[in-house]
Protein chains: 2
Amino acid sequence: MTPSWQTAGTDLCSIRNLLRMLRTQSTEHTPEELAQFINEHVHQQNILTQIIGLSEVQYHGRAASTADQGSYLTIIKPDGSIQIHKSKGVKPMNWQPKTNEIYARVENGECVLTALRHRPEELVRITFLETVIAQAFILAEEGGFILQGSESEMQEVLAHHPEIIEPGLIVLERELMVSSGGIDLYARDSTGRYVVVELKRARATQSAVSQLARYVRSIQLALPAGSEVRGILAAPDITKPALLELQARKLEFKEIKALPSIKKDVSPTLFE
Amino acid sequence: MTPSWQTAGTDLCSIRNLLRMLRTQSTEHTPEELAQFINEHVHQQNILTQIIGLSEVQYHGRAASTADQGSYLTIIKPDGSIQIHKSKGVKPMNWQPKTNEIYARVENGECVLTALRHRPEELVRITFLETVIAQAFILAEEGGFILQGSESEMQEVLAHHPEIIEPGLIVLERELMVSSGGIDLYARDSTGRYVVVELKRARATQSAVSQLARYVRSIQLALPAGSEVRGILAAPDITKPALLELQARKLEFKEIKALPSIKKDVSPTLFE
DNA sequence: GAATAAATGTCGTAA
DNA sequence: TTACGACGTTTATTC
C-alpha cells in the first residue's frame with residue numbers, strides 16, 4: 001500500500017530557513033493511512049503535526065466535554081501537547097497541555113487520535129471523520145523570547161521609586177516571605193508605621209484584597225501586640241466589590257496609572 | 001503582477017464538509033505577494049489564515065515582548081484573534097485575543113503583519129523572514145471546515161481530466177514515488193512516450209523546474225536506455241527565469257487557468 | 001507532589 | 001460597552 005503522503009522536496013528550504021515542511025498528506029487517504037501518518041510524526045523531535053477536517057472531540061478528565069461534528073484544526077506539538085481549535089478565540093476548544101501517550105488507530109472504520117495524560121487523569125479523543133489535510137512540519141530553531149512589563153517588573157520599579165505609592169515611604173524588603181506567602185513590598189511610612197504593599201498589574205479583585213489582608217495579619221502577629229500595620233493595594237484599577245471589602249477591612253488602595261519604564265520600549269514610535 | 005495564488009473553484013467536497021480551503025500560497029512568493037495574500041484573507045468572514053515560517057514577533061501593550069528569529073506558526077482566526085505558536089506548549093508564544101485591525105505590508109523588503117487592538121491598546125507585529133507556507137481556509141457557520149483548492153485537489157482534477165494538460169494523455173500513476181521524491185502525475189502521451197507532470201498551484205519558479213528535471217532524470221534512469229521522457233510543468237503561471245530554464249532543459253510548460261469542478265453532492269447554498 | 005500566586009491570563013455573562 | 005467571576009484555567013515557583 002502506498003501512503004498518500006509525500007516527502008517534500010529539498011528545494012523548499014534555504015540556508016537560513018530551518019523550518020521546513022516535512023511531509024504533507026493530501027485529502028485523499030484512508031483512515032489507516034491517516035493513523036499511520038499521525039503515529040509516524042507525533043512525539044518526534046521538532047515535528048509539529050496538523051490535521052484539519054471534520055472531527056468529533058471528546059474530553060474526559062477534570063470535566064467532560066463533547067464537541068459534535070465540526071471542522072476543527074488539531075495541532076500536535078513536539079512536546080506532546082495537543083490542541084483543537086475552532087473558528088473563534090485564542091483558546092483552543094479542547095486541549096491537553098502535556099500528554100503521556102498519544103496514538104492514533106482505526107476504530108470502526110475511522111481514525112481516532114487518543115491523547116492520554118496521567119496526574120490528572122485526562123483523556124482527549126478526536127475522531128477524524130473527514131480529513132481535509134494532514135501536515136507535518138519541522139519547527140527547528142527557536143529564537144530567544146523576552147517578556148517585560150510583568151508584575152515583577154512593576155515591583156522592581158516601585159521598589160526603587162516607593163514615593164510613587166506614597167511620599168516618604170521606605171522599602172524595607174521585597175518578596176518578604178511570611179507564612180501566608182510572599183509580600184511584594186514591605187515598607188515603613190513617614191510616621192514609622194509598617195506598610196504591606198500588594199501589587200497587581202491588572203485590575204485588583206477580591207482575592208487580591210484577601211491576600212493583602214492575610215499578609216497584614218501575618219505581619220501583625222510577628223510584631224509586638226498593638227503594632228499598627230497598614231495594608232496598601234497598588235494596582236491600576238480595582239473592582240467595586242474589592243474596594244468595598246478593602247474599606248471594610250480598613251485597608252487602602254493606591255491607583256498606579258503609569259510607571260516610568262526602566263527598559264527600552266520595543267518600538268516606542270509605534271504608538272507615538 | 002500576477003498573484004501567485006489562485007481562487008479555488010466552487011466545487012464542494014461533501015455536504016458534511018463545511019470548511020474548505022479557499023486559497024493556498026506555496027513556498028514561492030515575494031513579500032509583496034505574501035502581504036497581499038494576508039490582506040485578502042485576514043479579517044474576512046469565515047476565513048482562517050495560517051502562515052508558517054521563520055518569523056520575528058514583537059508585542060507591545062499590557063506588557064512588552066520580543067521574540068527573535070525563529071520558526072513559528074501564525075494562526076489568524078476569522079474573529080480577528082491571532083496567535084503565534086512555537087514548538088512547545090498549548091499556550092501561544094504571542095497572541096491577541098481579538099483585534100480591531102490586522103494588516104500586512106512590506107517594510108524594508110519584508111512582509112510585516114500588524115495586529116492592533118484597542119481597549120486595551122495592544123500591538124503585535126510579526127515579520128515574516130522566510131515563509132514556508134501560507135494557507136487560508138473557509139469556515140462555515142456551523143463550525144465545520146474542509147479544505148479545497150490545494151495542490152492535491154488540482155492533482156485530483158487533472159488525474160481525472162488529463163486532457164486538460166494535453167489531449168490523448170493517459171495517467172498511469174499519481175504520487176509515484178521515485179528516489180528524488182513524489183511525482184504528481186505519471187502519464188503516457190498519445191504517441192506512447194512517458195510523461196512526468198509536475199503541478200504547482202501557484203506561479204511556478206525555478207525550483208519547480210529543477211524538481212521536475214530531477215523527476216524526469218529519475219524516470220529516465222528507471223526506463224530502458226534511450227527512452228524518451230517528457231516533463232511537463234503545469235501551473236497557472238511561471239516566472240521568466242523558470243521558463244528560460246525550462247526551455248534550456250527541454251521541458252514543457254502548460255498553463256492551467258481554470259479547473260472544472262469535481263461535482264459532488266452538496267448544497268450550494270452553503271456558500272451562496 | 002501540594003500549595004500558592006501570576007498571567008499580555010481568556011472567556012462568557014449580567015448590568 | 002463594562003464589570004465581574006469562572007476556568008478542564010495554564011504556568012511558574014516555592015515548600
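Protein chains get the first letters and strands the later ones, always in sequence-line order, with residue 1 at the start of each.
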Checklist entry - In the 5'-to-3' direction, what one-character label does each nucleotide of nucleotides 2-15 of chain D receive under the scheme B = base within less than 4.0 Å of a protein heavy atom, S = sugar-phosphate only, - = no such atom? => result SSSS--BSSS----

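Salt-bridge formation is not detected for the pair R117(A)/E121(A): no Lys NZ or Arg NE/NH1/NH2 atom is positioned less than 4.0 Å from an Asp or Glu carboxylate oxygen. The pair R230(A)-D189(A) meets the salt-bridge criterion, with a side-chain N (NZ, NE, NH1 or NH2) lying under 4.0 Å from an Asp/Glu carboxylate O. One finds a salt bridge joining R193(A) and E228(A) here, because a Lys/Arg side-chain nitrogen approaches an Asp/Glu carboxylate oxygen to under 4.0 Å. Salt bridge status for E156(A) with R174(A): present, with a side-chain N to carboxylate O gap under 4.0 Å. Comment: R125(B) engages E107(B) in a salt bridge, judged by a side-chain N to carboxylate O separation of less than 4.0 angstrom.
Within the 4.0 Å cut-off from OP1 or OP2 of dT8(C), not a single side-chain nitrogen or oxygen of Q148(A) is found. Taking 4.0 angstrom as the limit, S152(A) places none of its side-chain polar atoms (N or O) nearer than this to OP1 or OP2 of dA6(C). Between R201(A) and dG9(C), a side-chain N or O to OP1/OP2 separation shorter than 4.0 Å is present.
Along DNA chain C, the nucleotide nearest F145(A) and the nucleotide nearest G182(A) are compared for position; the residue whose nucleotide lies closer to the 5' end is G182(A).
Distance Q155(A) CD to dA7(C) C1': 16 Å, rounded to the nearest Å. Rounded to whole Å, atom C1' of dA6(C) lies 11 Å from atom CD of E175(A). Between K200(A) atom NZ and dA5(C) atom C1' the separation is 7 Å, expressed in whole Å. Regarding E151(A), its CD atom lies at a distance of 13 Å from the C1' atom of dT4(C), rounded to whole Å. Between the C1' atom of dA5(C) and the CG atom of L199(A) lies a distance of 13 Å, rounded to the nearest Å. For the pair E153(A) CD and dA7(C) C1', the computed distance is 15 Å after rounding to whole Å.
Listed by first then second residue, pairs satisfying ring-ring contact (aromatic ring centres under 6.0 Å, His included) with a partner in residues 175-205 of chain A read Y186(A)-Y194(A), not counting sequence neighbours.
Straight-line distance between the C1' atoms of dG9(C) and dA5(C): roughly 13 Å, to the nearest whole Å. Across the P atoms, dT10(D) and dG12(C) are found 16 Å apart, a figure rounded to whole Å. The same atom, P, is picked in dC4(D) and in dG8(D); the two are 22 Å apart, to the nearest Å. Comparing dA7(C) with dC7(D), their C1' atoms are spaced 13 Å from each other, to the whole Å.
Looking at heavy-atom distances under 4.0 Å, Q83(B) makes no contact with the nucleic acid at all. The residue S207(A) sits apart from the nucleic acid: no heavy atom pair falls under 4.0 Å.
Among dG9(C), dA5(C), dA6(C), the nucleotide with an atom closest to any side-chain atom of A202(A) is dG9(C).
Between M154(A) and A234(A) the shortest heavy-atom distance is CE-O, 3.8 Å.
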